[in-house]
Amino acid sequence: MTDTPHLVLVDGSGFIFRAFHALPPMTSPEGVPVNAVYGFTNMLARLLRDHVGTHLAVLFDASRQTFRSDIYPQYKAHRPEPPEDLRPQFGLIRDATQAFNVPGIELPGWEADDLIASYAVAVRKMGGTCTIISSDKDLMQLVGQGVCMLDPIKQTPIGPAEVEAKFGVPPEKVVDVQALMGDPTDNVPGVPGIGPKTASALINEFGTLEDVLSAAPEMKKSKKRDMLIEHAQAARLSLQLVTLATDVPLPVPVADLSTREPDKLVLADWLDSMGFRSVLTRMGMGSTSGAHAHRAARASAHASANGQDTPAQAAPAPSTGPADLLSAPYTEYETVRTAEALQKWVSAAQEAGLCAVDTETDGLDPLSATMLGFSLATAPGKACYVPLQHEGTLEAPTGEQLAPDRALDLLRPLLEDDSVLKVFQNAKFDLLVLDHAGIDHASIGPVDDTMLISYSQSAGLHGQGMDELSALHLNHTPIPYDAMTGTGRNRIPFAQVPVEKATTYAAEDADVTLRLWHVLHPTLRTNHALTLYEQMERPLVQVLAAMEKCGIAVDRAELTRLSTDFETRMKNMEQGIYAAAGREFNIASPRQLGEILFDEMGLKGGKRGKAGAWSTDSSVLQDLADQGHDLPVRVLEWRQLAKLKSTYTDALLKQTSKESRVHTSFQMAITTTGRLSSSDPNLQNIPVRTEEGTRIRQAFVAPAGRKLISADYSQIELRLLADVANIPTLREAFELGQDIHARTASEVFNIPLEGMDALTRRRAKAINFGIIYGISAFGLGKQLGIPAGEAKSYIDAYFARYPGIRDYMERIKAEARANGYVLTPFGRRCYVPGIHEKSAVRRQYAERQAINAPLQGGAADIIKRAMVRLPAALAAAGLDSARMLLQVHDELLFEVDDAQAQAVAEKAKSIMEAAAQLSVPLVVETGIAQTWAEAH
DNA sequence: CACGTCACG
DNA sequence: GACGTACGTGACGTGC
């Protein structure tokens, strides 16, 4: 034993949960769920095969009762019981350690984390080093001085730099930060109102938790200061809870943990019983060929990527692209500075029939940004960056750069080549950047988009950003953008990043995009998402690009008038508000308002938020107003104007182009249901419900000689409900074109349809909406301003009349529980991650999401289908002056020449109504006018 | 940055 | 017996 010991400590308990959630469900030959066991087995096999470390142990939690629960009974007390499919796996994982002949260690009263900490300290005292196999943030305090961590699933090392990136402080100060911010998952209280950013800032400024607490009284008066003083004890308790014990008596001495070979027969036997034969092969202990082992590993990588197949069911590995997809280095990139060099890359792309393209810009708005360069990837690991407009300095000149026009002329034939697939990550952005640079976006094709390929299969499961997808599918963390430009006041424009450095980042992005395509595109078919992607998401990119580029005209003068009007009226209201309050204060501050209403004026009916502040939202103020108080009425009115001015009139004026048009950005891969979202500015939430708000819509106009057309689906989600739940009465009502809310009222309250009174209809309408949202008595009661008990009697009456809807809801919940996702009628998968939550509140929330998703998502599918078909349909009808401008979930807005307005309205109506064949008719209502307010 | 609030479907 | 709830978004201002 001349070598210094290197002890590998596996966080067994942490791994179980992580693997259970990360891996797709799978079962042993006997039908026992084993996905976490499978992940654990692979991880152990890899450690042994690669001879990581001289000593090895797996640590487990022994019991729920620990010194932490003794000093703080709530510690982890609210933790849900493990899911049913996980419970049998705890024992199996201990069997696995035995089969591998690895010591499995646990000690009553201590968590695995404390054992790990104590072993780490012990081995360090012996002059050895230690690797902790875990991604648990609570272990990060141990990193440094011979101790490092390794993420067991992503295979990424976690060193001091990674810890500092996560917590904003070096490892030795992690506990202080954790004590301040608390940890809701473990019930560590922390200090309310202090999140990760504030916590690390405080620790960096003052040093330790105690330093922060003792400095608190001297801080500027603030909520933060008060919270620090008030919750100092909670913070000290939190510090005890998060600090790992390093003095646990070691059940097995380090010397007895030296790595030993497993008994091959014992191991093989056990692996056989679990159905994990392939693991032996992969360890180099089996008799089958290495090629087979490689394929098996590939197949299981995909099983986890698509979240569906199990190794037992996995088809013989699909061929998914080049062999070096995951292994090629992400470093060998070329900076292209000459026409000849660029032509070589273009030819290589044409040869391959496939390339990834990425653009670099000086801003995030593709319609105004300048393209600083672009990158191409033609095979895994093979990529280049073409700088075009980088700025050098005397000390660091950029070197030769291709003239932008020259480069674009060389690139254009590739982008327009029908025989070469161009892959982008978030294609719409790059298409608009290229468009702005001089290549018509509509001429570029064929185009694939890895973001949408992923979104089509995994909406709601995880984000669709490139870095996240890369970590997930390629086990690779791309260079962060901030590493190029720096952050804060040291940030430099991307154009000033030295060209060779920019190449490492930009070319890597194209490389990653191409590799993601190789991994993700084949899974579209196995996940039954190919049609959805090909027929809805992929063609929508060009449609939305055209809409964003076109923008919508606004009447700047009208917006300015409104802004002035709102401002004047707010000014006029201020004195009256101060008088009613008894003093001057900032009306826009909920905190100050709450103090006045509930502390100073002593009004009743206050609720407090989670940081302890009084709630003053409109429902609270409306309650107070109904009690006859004056101040809340005035504030409500003031707030409405303030909202309209700041969020709409002023903000829109700022974002209007020289041509008086506003260009939103539609996000295609954000929502969990398949809807679009709109931002910068958000044009999907322009006011319409109040008279004052409608005045904003009047400022959205068609230019002279043109008209706006609004076309919106009537009751599309209720129609979908009638269809998917197959409710004869609802279907009949839609067939007959009846007022659906009145018909519901008639059925549920058993009164004649004729002469339905407005209040009863309003109640039925609220019930109908509630159904779509996955109704709860509390929610319906709140909406209608009636007690939950009364609301419950409505719901009972509704379900008694429509038992099919209750059946549908149960069916959907069962589907969500079985698969982890639900499907829209068009096959879009909407993941519902919380469906197995132990906490009833969170589980019921997930159940409501599951009920709502097929309806909201189905409606999103239908309007997307219409949007994809419309441009060609309008063109074929000779309606060439029509432009689609906006989508607002169930409404499309067009701009068209006066002469074609009527025809476009009719065409849009017929295409939209034919976008899906349901068992109930789809109905679209259209309006033609000069402003959006009147067209709607 | 955390929070409260409010605009839309 | 207590708890905390209608579904999906984005943007603003306050008070740090």
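Chain A is the first sequence line, chain B the second, and so forth, proteins listed ahead of strands; every chain is numbered from 1. Values reported hereafter were calculated over all heavy atoms of this structure, with side chains retained and with hydrogens, waters and symmetry mates removed.
- Between the Arg865(A) side chain and the Ala915(A) main chain, a donor and an acceptor come within less than 3.5 Å of each other.
- In this model, the phosphate group of dC16(C) is not approached by any side-chain N or O of Lys224(A) to a distance below 4.0 Å at OP1 or OP2.
- Checked against dA7(B), dT14(C), dA2(B), the side chain of Ser589(A) finds its nearest nucleotide in dT14(C).
- Contact annotation: the side chain of Val554(A) never approaches that of Leu652(A) to less than 4.5 Å [non-hydrogen atoms, C-beta and beyond].
- Between Arg842(A) and dG4(C) there is no side-chain polar atom (N or O) within less than 4.0 angstrom of OP1 or OP2.
- Between Arg689(A) and dC8(B) there is a side-chain N or O to OP1 or OP2 distance below 4.0 Å.
- Under the 4.0 Å criterion applied to side-chain N and carboxylate O atoms, Asp565(A) and Arg569(A) are assigned as salt-bridge partners.
- OP1 or OP2 of dT5(B) has at least one side-chain nitrogen or oxygen of Ser615(A) nearer than 4.0 Å.
- For Pro590(A), counting side-chain heavy atoms from C-beta on, the closest listed nucleotide (dC7(C), dG4(B), dA2(B)) is dG4(B).
- Between Arg848(A) and dC7(C), a side-chain N or O to OP1/OP2 separation shorter than 4.0 Å is present.
- Among the nucleotides dT5(B), dC7(C), dC6(B), the one closest to any side-chain atom of Asn852(A) is dC7(C).
- Checked against dC12(C), dC7(C), dT5(C), the side chain of Thr647(A) finds its nearest nucleotide in dC12(C).
- Side-chain proximity of Gln849(A) to the nucleotides dG8(C), dA6(C), dG13(C) is greatest for dG8(C).
- When rounded to the nearest whole Å, the span between CG of Leu202(A) and C1' of dA2(B) equals 13 Å.
- An OP1 or OP2 oxygen of dG8(C) is reached within less than 4.0 angstrom by a side-chain nitrogen or oxygen of Tyr845(A).
- No salt bridge links Arg695(A) with Glu558(A); every basic N to acidic carboxylate O contact stays at or beyond 4.0 Å.
- Protein atom CD of Gln844(A) is 18 Å distant from nucleotide atom P of dA2(C), rounded to whole Å.
- If you check distances only, the side chain of Arg639(A) never reaches the base of dG13(C) with a donor-acceptor pair under 3.5 Å.
- Side-chain proximity of Ala651(A) to the nucleotides dA6(C), dT5(B), dC12(C) is greatest for dC12(C).
- Within residues 666-687 of chain A, the residues having any heavy atom under 4.0 Å from DNA chain B are, by residue number, Arg675(A), Gln684(A), Asn685(A), Ile686(A), Pro687(A).
- Across the protein-nucleic acid pair, Tyr648(A) atom OH and dC6(B) atom C1' stand 8 Å apart, rounded to whole Å.
- For the pair Trp614(A) and Ile596(A), the minimum side-chain heavy-atom distance is 4.5 Å or more.
- Between the side chain of Asn204(A) and the backbone N or O of Gly168(A) there is at least one donor-acceptor pair closer than 3.5 Å.
- Between Gln887(A) atom CD and dG10(C) atom P the separation is 13 Å, expressed in whole Å.
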**Item:** Nucleotide pairing, DNA chain C (Watson-Crick or G-U, distances under 3.5 Å), in dot-bracket with [ ] and |
**Value:** ......|||||||||.
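- Look at Lys643(A) and Glu692(A) and you find no salt bridge, because none of the NZ, NE, NH1 or NH2 atoms lies under 4.0 Å from a carboxylate O.
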